[in-house]
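Here's the structure, in structure tokens; my notes come after.
Reminder, nothing fancy here: chain letters follow the sequence lines and each chain counts from 1.
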There are 2 protein chains.
Amino acid sequence: MTPNPTLRDVALLSGVSIMTVSRVINAEWEVTSATAQRVREAIEALGYRPNPLARSLRTGHDEALGLVVETIGDPFFAAMTEAVEESARKAGLFLIIASAGKSPEEERAVILDLLHRSVSGLIIVPCLLAYGKERLPIGAGGVPVVFVDRPPIDLEADTVLVHNEDGVRHATAHLIAHGHRRIAFAGTGIERFSLQRRFEGYCNALGDAGIEYDPSLVVSYTPDTRDHPPALTKVLTLRDPATAVLSANEMASLEVVRELHSLARTDIALVSFDDFAIAESLTPPVTVARQDPALMGRTATYLLLRRIRGDTSPPRHVLLSTTFLERGSGEIEPRSTSDLRSQAGTGLPQPVPVRAPPN
Amino acid sequence: MTPNPTLRDVALLSGVSIMTVSRVINAEWEVTSATAQRVREAIEALGYRPNPLARSLRTGHDEALGLVVETIGDPFFAAMTEAVEESARKAGLFLIIASAGKSPEEERAVILDLLHRSVSGLIIVPCLLAYGKERLPIGAGGVPVVFVDRPPIDLEADTVLVHNEDGVRHATAHLIAHGHRRIAFAGTGIERFSLQRRFEGYCNALGDAGIEYDPSLVVSYTPDTRDHPPALTKVLTLRDPATAVLSANEMASLEVVRELHSLARTDIALVSFDDFAIAESLTPPVTVARQDPALMGRTATYLLLRRIRGDTSPPRHVLLSTTFLERGSGEIEPRSTSDLRSQAGTGLPQPVPVRAPPN
DNA sequence: TCACGATTTGATAACGATATCATCCGCTCG
DNA sequence: CGAGCGGATGATATCGTTATCAAATCGTGA
């Protein structure tokens with residue numbers, strides 16, 4: 001209830017000047033151990049704690065990191081956020097979280113606000129902003145920054161990414177190896193960088209196997225979980241329907257599982273990019289390419305702390321790899337070729353060739 | 001790259017004093033529209049934004065809310081956090097998140113740190129600290145505070161809780177109504193308030209039905225997901241084993257599902273307190289008592305903003321109710337009494353029967 | 001024309017810390 | 001014995017705002 005004690009109060013009580021107190025707090029040297037002792041007792045007695053606002057105002061940097069993320073509700077980012085918060089707190093830093101908003105302007109404003117708070121560093125999951133053109137005082141010469149999950153457009157800075165293309169390419173090849181040729185690609189926020197790379201991986205794997213890419217097999221969910229039309233149903237009822245699904249992120253996987261389950265289509269193979277809570281307890285258990293969001297968060301924080309402590313080496317690009325876990329859903333074979341052919345025979349695909357390809 | 005412009009710069013450019021600029025920014029009155037216009041142009045030209053640190057230092061309150069939560073990794077709290085962040089940002093406030101740490105001292109330190117940052121208000125999920133005895137300058141006469149999910153020990157303040165006891169009582173009664181008398185209770189962090197209340201609900205429902213409480217049916221997981229021994233197996237292999245499980249929070253439910261699934265015990269009934277991602281896509285779909293973490297977050301923020309704007313009415317206690325969703329797993333009947341008797345008769349628990357059970 | 005209230009503006013002191021430089025003190029050394 | 005030195009301490013300006021009160025300005029009525 002009583003106002004917080006200040007340096008002044010401590011100085012008064014211990015009979016020294018505020019500078020001496022300040023020195024005791026910040027640096028042990030240059031102050032006699034006797035007086036230091038007296039000051040420390042006064043600090044203890046009053047329960048003094050330095051005011052971080054005043055300190056930041058004067059020094060120009062705060063004992064806090066800023067995290068800009070699109071949404072913490074996404075379980076992937078929630079896990080990452082937790083890891084960042086934990087690492088930051090271990091280093092004695094607070095974490096200020098802000099979501100990026102819906103437009104580049106908002107994203108910019110959010111970052112400017114954080115910078116005005118003199119955060120010591122920023123971890124950013126870039127969404128909509130073209131960072132290179134913004135001339136924000138971040139990166140080399142400005143506030144240290146680490147980009148996570150997606151690279152900043154047009155800017156060189158520390159970046160932590162997962163090997164999206166590789167992971168999905170492998171996952172898709174896995175499905176192909178099990179006999180699938182009609183593989184749907186499902187994702188939320190498909191226009192985002194990481195999804196784009198995953199999409200490339202998907203296309204490349206198809207290309208490697210000589211399978212033509214069919215845009216009608218792409219399912220795009222909105223990031224908003226609330227209203228999802230049964231988007232998957234469409235690709236499963238095409239004339240030449242999908243026999244397997246590659247879902248490209250956790251939220252999409254949840255949707256896909258929900259849909260497959262409500263359709264009772266346990267014959268459809270599924271590989272999920274991103275592991276999720278009870279993937280292994282589903283029927284069938286879901287084969288996944290697992291990213292480690294916590295590792296990502298820890299890595300980003302580690303790089304950021306190095307920068308804050310003065311590391312000026314060239315920007316680093318960390319590429320985390322994924323772990324492929326075969327659990328069952330990814331190893332389902334398509335219905336026999338004859339089945340397929342007869343099915344394909346009944347119908348005419350969308351625009352696609354008029355006549356089914358030979359064999 | 002150039003340092004942020006300050007009031008001084010704007011004043012210089014527009015040919016007025018810094019006070020006039022300050023007035024233009026904070027209050028339109030008392031300044032001629034002509035000069036105001038000039039000042040606004042200068043602000044625009046320089047891209048000036050007020051420094052929140054300096055402002056907070058001077059005024060004693062920051063445009064930020066503080067959130068203290070045990071762990072954001074818990075999906076329930078992640079969803080709540082997202083809702084809080086969203087509401088706060090709509091009100092033009094930042095959100096500073098801090099996790100409470102592992103001891104009362106840490107929790108106290110975290111709150112003091114936030115207070116030193118002059119946050120306008122705090123939302124706290126109290127963990128270990130006895131708030132009544134701490135004499136923290138929060139609540140009436142101090143910084144507005146709203147407690148969430150658990151009530152503060154020994155302190156009167158705005159609180160948002162779910163009706164834990166009711167929800168679990170109903171869920172347990174539901175299992176009993178379906179013929180179960182041996183119902184396990186599973187939870188993580190069982191010593192916490194909300195789990196305690198849920199436990200009470202469980203006990204009360206048993207009492208209502210005249211079933212004796214058996215402590216050997218309680219499964220306590222640690223909040224740490226990493227190493228969970230197969231705790232559930234024990235209660236399923238008792239001489240008089242559980243035929244149903246009531247899992248008391250989301251993380252426990254995930255564990256229970258994992259265990260039941262790996263044991264292939266689809267004969268065990270399950271009701272989960274807390275809905276979770278693909279509960280309805282499991283086999284069988286999981287019956288749940290659903291809390292709404294987003295509603296909880298929004299409600300808390302709403303109450304807090306009212307307080308910040310000067311509401312001094314007596315503390316409010318909001319009690320959110322749960323929604324019961326029958327999906328299948330909670331409606332499984334126990335094996336017939338004869339089956340049970342024969343099993344119980346043949347069997348010695350752990351090393352499993354030597355001989356396969358008949359039929 | 002001048003004095004007067006009402007309004008708009010400005011000068012200056014906080015807020016609570018740190019940076020910078022000056023001062024003080026006790027030593028050593030010439 | 002006094003100059004010089006170095007380590008400990010203190011006085012003061014400063015960070016970018018807002019609060020407070022004083023000053024300037026204006027229009028108006030006697």
From CZ of B:Arg23 across to P of D:dT17 the rounded distance in Å is 15 Å
Of B:Ala54 and B:Met19, the one whose closest nucleotide on DNA chain C sits nearer the 5' end is B:Met19
Atom OH of A:Tyr48 and atom P of C:dG16 are separated, to the nearest Å, by 10 Å
Q.
Applying a 4.0 Å non-hydrogen cut-off, can you work out what B:Pro52 is touching in the nucleic acid: base, sugar-phosphate, or nothing?
A. nothing
Taken to the nearest whole Å, CZ/B:Arg38 to C1'/C:dT9 is 12 Å
Per atom distances to the B:Thr6 side chain, the nearest of D:dT9, D:dG16, C:dT18 is D:dG16
Notebook entry, point to check: Is the closest side-chain heavy-atom distance between A:Val148 and A:Ile124 below 4.5 Å?
Noted result: no
Picking from D:dT9, D:dG16, D:dT18, the nucleotide nearest the side-chain atoms of B:Thr59 would be D:dT18
Judged by nearest nucleotide, the residue sitting upstream toward the 5' end of DNA chain C, A:His61 or B:Ile18, is B:Ile18
Between CD1 of B:Ile43 and C1' of D:dG16 the distance, given in whole Å, is 14 Å
Rounded to whole Å, CG of A:Leu115 lies from P of D:dC15 at a distance of 20 Å
Below 4.0 Å: OP1/OP2 of C:dT18 and any side-chain N or O of A:Ser22: yes
Which of B:Arg89, B:Glu86, B:Glu82 passes side-chain hydrogen bond (donor to acceptor under 3.5 Å, both in side chains) with A:Ser99? Answer is B:Arg89
Of the listed C:dG10, C:dG16, C:dA17, the closest approach to the A:Arg55 side chain comes from C:dA17
Hits for ring-ring contact (aromatic ring centres under 6.0 Å, His included) against B:Phe77, two or more places apart or cross-chain, chain-then-number order -> none
Note to self: I want to check one thing: is the phosphate of D:dC15, taken as OP1 and OP2, less than 4.0 Å away from some side-chain N or O of B:Asn51?
What the structure shows: no
* Asked: Looking across every strand, which nucleic acid part, if any, lies under 4.0 Å from B:Ser56 by heavy atom: base, sugar-phosphate, or nothing?
  -> nothing
Is the shortest side-chain N/O distance from B:Ser17 to OP1 or OP2 of C:dT9 below 4.0 Å? no
When rounded to whole Å, the CG to P distance for the pair A:Leu7 and C:dG16 reads 10 Å
**Message:** Does B:Arg49 contact D:dG16 through a side-chain donor or acceptor facing the base, at a distance under 3.5 Å?
**Reply:** no
Rounded to whole Å, CD1 of B:Ile25 lies from P of D:dG16 at a distance of 14 Å
B:Asp62 atom CG is separated from D:dG16 atom P, nearest whole Å, by 17 Å
Does a sphere of radius 6.0 Å around OH in B:Tyr302 hold more than 12 heavy atoms from other residues, nucleotides or ligands, not counting ones at 6.0 Å or beyond?
no
Practice problem: Determine, for A:Asp113 against A:Arg108, whether the closest basic-nitrogen to carboxylate-oxygen distance falls under 4.0 angstrom. | Solution: no
Q. With no angle test and no hydrogens, is the base of D:dT17 tied to the side chain of B:Arg58 by a donor-acceptor pair under 3.5 Å?
A. no
